[in-house]
Structures are given as C-alpha cells and as structure tokens.
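As structure tokens, the structure follows; a few thoughts come after it.
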Amino acid sequence: MFCTMLNYRSSWTLPVLLKSFGWTRYSMQSMRPTWTRTEQTNDIIKEVTANYIREKMWSASEDMLLRFQATSSGTLLRKEYESRKSFLYEQVEHVAKIQAFWKGYKQRMAYKSRRQTFIDNTPSIAKIQAWFRMIIARRNYLSRLQYFRDHKNEIVKIQSLLRASKARDDYKTLVGSENPPLTVIRKFVYLLDQSDLDFQEELEVARLRGEVVTKIRGNQQLEKDLNLMDIKIGLLVKNRITLEDVISHRTKLNKKKGGEMQVLNNIDNQGIKSLSKERRKTLETYQQLFYLLQTKPSYLAKLIFQMPQNKSTKFMDTVIFTLYNYASNQREEYLLLKLFKTALEEEIKSKVDQVQDIVTGNPTVIKMVVNFNRGARGQNTLRQLLAPVVKEIMDDKSLIINTNPVEVYKAWVNQLETQTGEASNLPYDVTTEQALTYPEVQNKLEASMENLRRVTDKVLNSIISSLDLLPYGLRYIAKVLKNSIHEKFPDATEDELLKIVGNLLYYRYMNPTIVAPDGFDIIDMTAGGQINSDQRRNLGSVAKVLQHAASNKLFEGENEHLSSTNNYLSETYQKFRKYFKEACDVPEPEEKFNMDKYTDVVTVSKPVIYISIEEIISTHSLLLEHREAIAPEKHDLLNELLELLGEVPNVESFLGEGAIDPNDPNKANTLSQLSKIEISLSLTSKYDLGDGETIDSQRLMIKTKKLIIDVIRNQPGSTLTEILETPATTQQETDHATDMVSRAIKDSKTPEEMQQMVEDAQLPIEQKKRKIQRNLRTLEQMGLVSSKNKYQDILNEIAKDIRNQRVYRKLRKAELAKLQQTLKALNEKATFYEEQINYYDTYIKTCLDNLKRKNSRRSIKVDGKGEPKGMRRAKPVKYSAAKLHEKGVLLGIDDLQTNQFKNILFDITSTEDVGIFDVKSKFLGVEMEKVQLNIQDLLEMQYEGVAVMKMFDKVKVNVNLLIYLLNKKFYGK
C-alpha cells in the first residue's frame, strides 16, 4: 500500500511524505523514525485510500466503459459517413464527367500513340498480314479437305437431310399456306400421276368390293333360307308339316349353295350390255340415273317416305344398301351418311310432333341406320364390344338370375315336388306380393340381385371403355339426331336429348344383341347349338337393367320389388350420360373422309355398283310412280333421265331376245330366277364437259386444271401468267410430247372404267396454253378466278387436289386391308352356314332312317301275344282316380265328389311314337273318353310355369307330378 501511495504521489519529497505519515522525528542512531500520529495524517490516509478504491472500481468496469465509448463514437462516425455519402451522391454527375474526361483523355493518347506506330510501320505490317493469311488459308483448306474426305458419308447424309428439310418445308407450304406459290405446286404435281401400283390397287379394290357385296347378298339369302329351314324342321318335330316338305326345301337350299342359281348369268352378248347403240344408250342412262340418286340424297330421302312402311323397309334393305355397295369404301360410306342425315332430318321435320315420338315410335331412318350398323360391316364392332363379356356370362354355369318373384316361387315349388315325388301344401297360383312373403323366395331374389349388379357392371364397363369402337356413322347419326331434335324443340333439356341418343346407341343398337347374341352372330355357335333358358334369362335381366339406366327410368309399379336397385340405376345413368355426350362429339363427314365436290373427278376409277335386274326395275318403277312428289319441277335432272328411259322394262327385255325359250312351261319361274342376276354399273354423271356456253362451271374448272398441270410439268415459271405469256422452248415441247405419249400408252393398258377422262391431252403445249387462257377468261366471268391475283384461285384448287390425292392413296390402302378383313369374316360366316346345312342334312337323314325303321315294323313277325319279337312296348299303366288323387297327380274332377273317384279308372299307354301317350278314362268299366299326351308339350308347360292342366276338359292334374309319374313308369327315371 505504501508503494502504491508512493507511486500515486511521486512528486512528494521524503520529508513531506514522512511528515504526512506522522514521522516527525528521525533517530539517526537507530535509523528508525519516531512515530507521532497527527490528525492531518489520518486525512491523508483516508484520501489516498478513497482514491485507490475509486481507481479499482473504474478498472473493474473498463470493458463496459469502452462499449459506452464505442457506441457514442459509432454514432458520430455513421453521421460522418452518411454526410460524406450524401455529398458524393449529390456530386455524381460532376464526378462522372470528371472520370469520363480523364478516361477519354487517356484513351485518346493511347490511340494516337498506337496509330502513329502503325503509320510508321505500314508496309511491314501489310506484308506480315498477307503472309499469315496465306498460311492460315492454306492450312484451313487442307484441313477442311481432309475433313470432308474423312466424313464423306456423313456429308452426304447431311445434304440429304437438307434436301428433305427443304422438301418438307415446301410440302408444309403446299398444305398449310392459303396461297401456295406455283414453284411449290410444280414440285409436287407428279403426285397426281397414276402409277402401275395405283392401277393394281384400284383393280384389287374393285374386285374385292364386288366379292364383298356379292358375298353379303349371298349370305343374307342363305341366312333367310336357313331360318326357313329351321322353322320347317321345328314344325316337323311337332308333326305340323310332312317330311317331304322339308326334303323339298333342303334340295332347293343345296342348289343355291352349289351355285346352280347362277345359270344364264352371261348375258353380255344379248342383254342390256350388248354392243348395240340403243342398248348402250339405255345402259348409260341407267348409270347416270343411279349416279344422280347416289350423289343427291334428297331424291331417295323423299322416296322412302312416299312408300308404305313395309314396302319402304324392303326397299331400304335391298336397293339402297346395294346402291351404296353397303358402304364398302370411304366414298360410298360418306354418301350413305349424307342420305341418312337428309332422310332423318326430313322424318323429324314432317313426322315427329313430340320429343318422345322418337323413343316411343319406330322411326324408319333410325331402324335403317341400326340395321346397317349391325350388318356385315358393323358386326365385327359388336363382337369386339360385347362378345367377351357376353361369353363370360354364358360360360358361368353357377350364375342364376331371376328377378320375377312368381317365377322364383314356382321354380321352388317345382323343385320340391320333383325331388320328393309328393304334392306340396303350397298354392300353385300366387301373386307377386304373396310370393315375396316366403323367406326362400326373398333369399333367392336377393342373391339374384347381387349377381345382377355384378355382371351388369362388367357389361357397362365394357361398353363405356370402348367408345372408340363405336362405328363413326352411328355416332354421327346420333349427333344429327340430337341437333335436329334440339332445332325443332328448342325447349328440350340436355337430359331429354341425351336420353334420345341413348335410345339409339344402347336400346336399339346394343340391347338386342345382349338379349339374343346368337341371333346377331355376336358369339360363335356350333351347328345345332343354342342358348339355354337360364343363359337367356341372365342376359335378358342384364339388358333390362341397362335399358332402365340408359333412359334414367327407375323400377316402380309392378317392378316395385326391384326398387332396391334404384340408386344403382341413378349412378349408372350418370355414366351413360357422359358416354352418350362424348359419343356425339365427332367431326363432319367432309372432314372425316376428306371429301368434296371434286372427289369423283380426282379419283382414278369410276364408282361401280352391283345391282340385280329386279332391283333396277323396281327402282325405276318407284321413281315413275312418285316422281311428282320427288321431283315436282319439270326440268329437274331426275325427270330428264326418266324421260330418256321411258317406260319400265321387263326382265326379258333386259336379258335380250333368245335368252328365254318362249315355249318353256316354267317360263315365269325361270324369269323370276333370272331377275335376281346381278350386273355391274359404272356410275357417271350425265353432264360431261363440252365446248360452248352450256359448259358446267365445275367441270370447266376441272378441265382447265388438268391442262395447267400438263403445261407446268414441262415449263417452269414463278407465276401462271408468266408461263402462259412466255413461249415454250423446243426442248419443252419435246418433253411435253414425250409425256403425252407415255400417258397414252398407260391409258391403253387400263380397263375402260378406270381410264382418266382427260380431253385435249395430245394438243401441243402452246395450243393448250391458248385453251387455258380462254377457259380462264370464262371462269373469270363466272366469278371463280381473278386475273388480279394472277389466277391464284385455280392454283389453290390444284394444291388441294394434290393433298387429296395423297390422302386418297392412304385411304385406299386402309380400304384394301378392311375389304380383305371383311371378306375373310364373310367367308367364315358362309362356312358356318355350310356347317348348318350339313347339320340339317344329317338331321333329315336321321328322320328318313327313323321313318324307314318305323315302316319296317309292320313286316316284323309277332309272337303269340301279338307283340313284335324283340320290340316289346311298355305295358299300359292303370290307376284309379282315387289312387292318382292320393299321389297328388289328380287334383280334382269337375262335377264329381272325392268319394266317387274310386269308380273312375285311367289307362295310360305308350304309343309307337316316342313321347306320345294315350290316356283312356273309364267310369264303372265303361270307356268314356280318350286323349293323347305329348311329353314335349308337358315339358314346355313346365318350362312356362304352368303347374295345373286339364284333361278331358274336366280333370285337373298336377303337371310336375304327371311328368314324374310318366318318367318313372315308362322311362325308368
């Protein structure tokens, strides 16, 4: 402490210091101070001690004091920084100018120095640059040359890609440009040429079309004959016709199968196709008439509704579908859809008074559309759509669906009595409400409903997931139906319109094929095979639920017991509703098939139809009969053609003189057979191109386009006007003449019906150009082209033809594949019919053998008892009415009491006819009456749910127990 104080007051002298501590005297002898403490000393000590303590306190808080100082210093520095920053921002413009001035000055000085150096050494620098450029160029050349040699294949590919890219760009211009330039059109005009492959494919398509149409008609006729044969055999089983009638029809069927109906088919030398000017003119007029009917749907649409419905149905099924070759190609499908559309709009306009008339009635056009799409062309679609799920339902042997409480009740009672052989105490005739009171019936119904919902979901999912499989034509007609109804009834709701669409797509198109898949050839059936009653009922129940769901109709009234499925029906309807709405979302036929008014001229071959003589005569007769309603105007095209044809010819005039023997006793029958002979007609329009003021504007356009194509092939130019005004060179004339010779050679090898109708083809190029100029002036007067845009309109039409030709080739290949597929399916169906014929033959032979065997019994020797040896029949069975009543077989006899039953006897005897029994009744030993029982009739009554029947008009018997008794006594089962 002393040292500290000493340090603290270093300026003090020793005496002063000693004095301050009270050392007033100092002993020199002992060298020690003498202590004398004064008051002043105490004050000094206190002061020093206080100062020391204060110093220690400040030292302990040094860090905190430094932070206080830093805080105050930071504030001051920030203020100074912000002030400086603000000053600099205020002087930015001046600072930038100063900096720019200084940088510019430095750059100018450097530039002047560098420039002066170059000026002083210009010659040397030029020599150095030239030398370096030469070396670099030489090296680059050698390097690139070697690079090209090393990558020769890659370079060739790149060049090909560039050319292809240029070609693609040109084609995009051709396709996408509103006004493609002539230079681009000229590059692709070769696509309009017809190659040998084109002609071969056209010939193959024409051949397949003929085969398909002929096969369809043959299968249809064969199916009708087989159905008739089936009916006659069924009647044979029931003894309603003689066996000889069946054999007679079989002989006729086999003749058709073997092709014997095609006799006298070759009438080209003497019939309507003979080489006679008069007959040739008649043939051409018929070809023009059917072309007009085919391309102008309004005539046939009106004709359909002029005839009675039964007659119009036959007309549609034969003539109309024949006229359009059953839509065997794109063109005819397009035209048939136009007819359907026109006829449907006409029917809705004139015959539909309420929205529901389409659903409750039987519209002619709707029926025609459905039949067509379920025919040969649409059959494959239905197979893909429904066959797998229908086959799955049929193959499920454990599946039993019966939603009729009365039928479930009767089946339950039948099962009890058949198994036990005793009469049950349950009533036979019950109402729906009474049947539902039995727990067994309720349990069976509940199980059936569960199975029904399960399999219905499968069918529904198959339908909804296969929207793309629906035929385009059917979807388009659904769209037309929806729009036409909405147009006539604008207040109709969307739900009402979609229910009508559902009536077409599901109820009329799909529902019958689910109920009877064998009747519509949806599933494969073996010869003689058939769907059993359980399978038929299962499919019918599924179809019923889907029908209610498609129309959003709940189970009510007599179907109240099915009301538990109403929620399921509502959910299913929402799925159907979306499905029907999407089904109507299809493009127009013009867009789908890429068709327009020039299509027939662009295509290689003329349209050909295969039609019978009877159908030609029938159509001619109907047109004459209803011509005032179809074509009321005198100068209508149809009336002009009918005037040229005159009166309706007969079959003999079609065939020509000598085709029929006038002394033939079966002349009428022979004529009837020959009227079914089919001939081919190459359809053409009556109004061809010609010179003069009567030229049709469209055909003049087509003729001019063909001439322009011939010219621009050999003479280039940027515009059509430039080409027409520039004389052709000698080389161009030579090239053009060579092209025309090549075309003439190709046309000479082509069948007549496939030759291109190109007039003036052999004219020199300059004459063609003059003809083009004349035609262009005529077309300009008609308003079809304009010289102001250098006739770009006609160039646009040529570009369109090129695009259509490419699409047509693509569609033709698709059509060829489809025709081959269709023909294969038709051949398979014909094979099936042949198997049916063989099956029927076997069945009839068996009947004949049985007949011989039965007749031979009369010559068999009999034993002493009068029975044939080895062929002893079952002994008669005798029962009293009381015994039968005890067994439950006999329920009662009118006008007799139970105690009188012992006086009545019944003799039951098996006859020679299998399954036929004679029943005789005796009262007190006297024979009263006799009836015959047929086991097949009894089984049929059992199948139909008939529990009680009457014999002798007074005896009531239990059908189930009677069958049980007969089986036990006569068949041992």
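Predicted model, so just to flag it, every value in this text is computed and none were measured.
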Open item on the list: For E446, I'd like to know if atom CD has over 12 heavy atoms of other residues, nucleotides or ligands within 6.0 Å.
Closed with: no
To the nearest 0.5 Å, what is the distance between [atom1] ([X]) and [atom2] ([Y])?
{"X": "K397", "Y": "L399", "atom1": "NZ", "atom2": "CG", "answer": "11.0 Å"}
{"X": "I463", "Y": "L386", "atom1": "CD1", "atom2": "CG", "answer": "5.5 Å"}
{"X": "Q932", "Y": "K920", "atom1": "CD", "atom2": "NZ", "answer": "11.0 Å"}
{"X": "L505", "Y": "N511", "atom1": "CG", "atom2": "CG", "answer": "12.5 Å"}
{"X": "I514", "Y": "L382", "atom1": "CD1", "atom2": "CG", "answer": "9.5 Å"}
{"X": "Y506", "Y": "L460", "atom1": "OH", "atom2": "CG", "answer": "9.5 Å"}

Can you give me the closest heavy-atom contact between [X] and [Y], atom names plus distance?
{"X": "I893", "Y": "A881", "answer": "CD1-CB, 4.2 Å"}
{"X": "L891", "Y": "G888", "answer": "CD2-O, 3.7 Å"}
{"X": "L539", "Y": "V390", "answer": "CD2-CG1, 4.1 Å"}
{"X": "P876", "Y": "T909", "answer": "CB-OG1, 3.6 Å"}
{"X": "T572", "Y": "Y568", "answer": "OG1-O, 2.8 Å"}
{"X": "F917", "Y": "S910", "answer": "CD2-CA, 3.8 Å"}

Open item on the list: Can you tell me which residue among V545, T565, I393 is in a side chain to side chain contact (heavy atoms under 4.5 Å, CB included) with T456?
Closed with: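 For T456, the side chain to side chain contact (heavy atoms under 4.5 Å, CB included) test succeeds with only one of V545, T565, I393, which is V545.
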Task: Option passing side chain to side chain contact (heavy atoms under 4.5 Å, CB included) with F906 (candidates V889, L890, V877) - done: L890
For [X], all residues meeting side chain to side chain contact (heavy atoms under 4.5 Å, CB included), sequence neighbours excluded:
{"X": "N566", "result": "L554, F555, S563, L569"}
{"X": "P512", "result": "R374, F520"}
{"X": "N532", "result": "D534, Q535"}
{"X": "S541", "result": "I401, L452, R537"}

TODO: Please list, chain by chain and in numerical order, all residues satisfying side chain to side chain donor-acceptor pair (under 3.5 Å) with Q897, sequence neighbours excluded.
DONE: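 Q897 satisfies side chain to side chain donor-acceptor pair (under 3.5 Å) with no residue once adjacent residues are dropped.
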TODO: Return the set of residues passing side chain to side chain donor-acceptor pair (under 3.5 Å) with N503 (not counting sequence neighbours), or none when no residue passes.
DONE: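 Once residues adjacent in sequence are excluded, the partners of N503 under the side chain to side chain donor-acceptor pair (under 3.5 Å) criterion are R508.
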TODO: Please identify each residue that fulfils ring-ring contact (aromatic ring centres under 6.0 Å, His included) with F901, with sequence neighbours left out.
DONE: H885
Open item on the list: Once ring-ring contact (aromatic ring centres under 6.0 Å, His included) is applied, do any residues pair with Y438, and if so which ones, sequence neighbours excluded?
Closed with: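 Y438 satisfies ring-ring contact (aromatic ring centres under 6.0 Å, His included) with Y409, W412 once adjacent residues are dropped.
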Sequence neighbours excluded, which residues qualify as salt bridge (Lys or Arg N to Asp or Glu O under 4.0 Å) partners of [X]?
{"X": "E433", "value": "none"}
{"X": "K954", "value": "none"}
{"X": "D396", "value": "none"}
{"X": "K956", "value": "none"}

Are [X] and [Y] side-chain neighbours, meaning at least one heavy-atom pair lies under 4.5 Å?
{"X": "L905", "Y": "K878", "result": "no"}
{"X": "F576", "Y": "L546", "result": "yes"}
{"X": "D894", "Y": "K950", "result": "yes"}
{"X": "M368", "Y": "I304", "result": "yes"}
{"X": "Q547", "Y": "V515", "result": "no"}
{"X": "S921", "Y": "F952", "result": "yes"}
{"X": "R454", "Y": "N451", "result": "yes"}

- [ ] Tell me, with the steps shown, if N903 and L896 meet side-chain contact (heavy atoms from CB on, under 4.5 Å).
- [x] CA-CA 11 Å; N903 299 323; L896 286 181; over 6 Å; no
Looking only at atom types and distance, does a side-chain atom of [X] sit under 3.5 Å from a main-chain N or O of [Y], one as donor and one as acceptor?
{"X": "S462", "Y": "L385", "answer": "yes"}
{"X": "E347", "Y": "P363", "answer": "no"}
{"X": "E496", "Y": "V355", "answer": "no"}
{"X": "D357", "Y": "Q354", "answer": "yes"}

Open item on the list: What verdict does the side-chain contact (heavy atoms from CB on, under 4.5 Å) test give for L962 and L933, after you've listed the backbone C-alpha separation in whole Å, the side-chain angles of each residue and the deciding distance to 0.1 Å?
Closed with: CA-CA 10 Å; L962 179 60; L933 291 179; 4.0 Å; yes
Task: Stepwise side-chain contact (heavy atoms from CB on, under 4.5 Å) test for T431 and V406 - done: CA-CA 7 Å; T431 63; V406 175; 6.0 Å; no
- [ ] Test I358 against L504 for side-chain contact (heavy atoms from CB on, under 4.5 Å), laying out the working first.
- [x] CA-CA 9 Å; I358 292 289; L504 168 61; over 6 Å; no
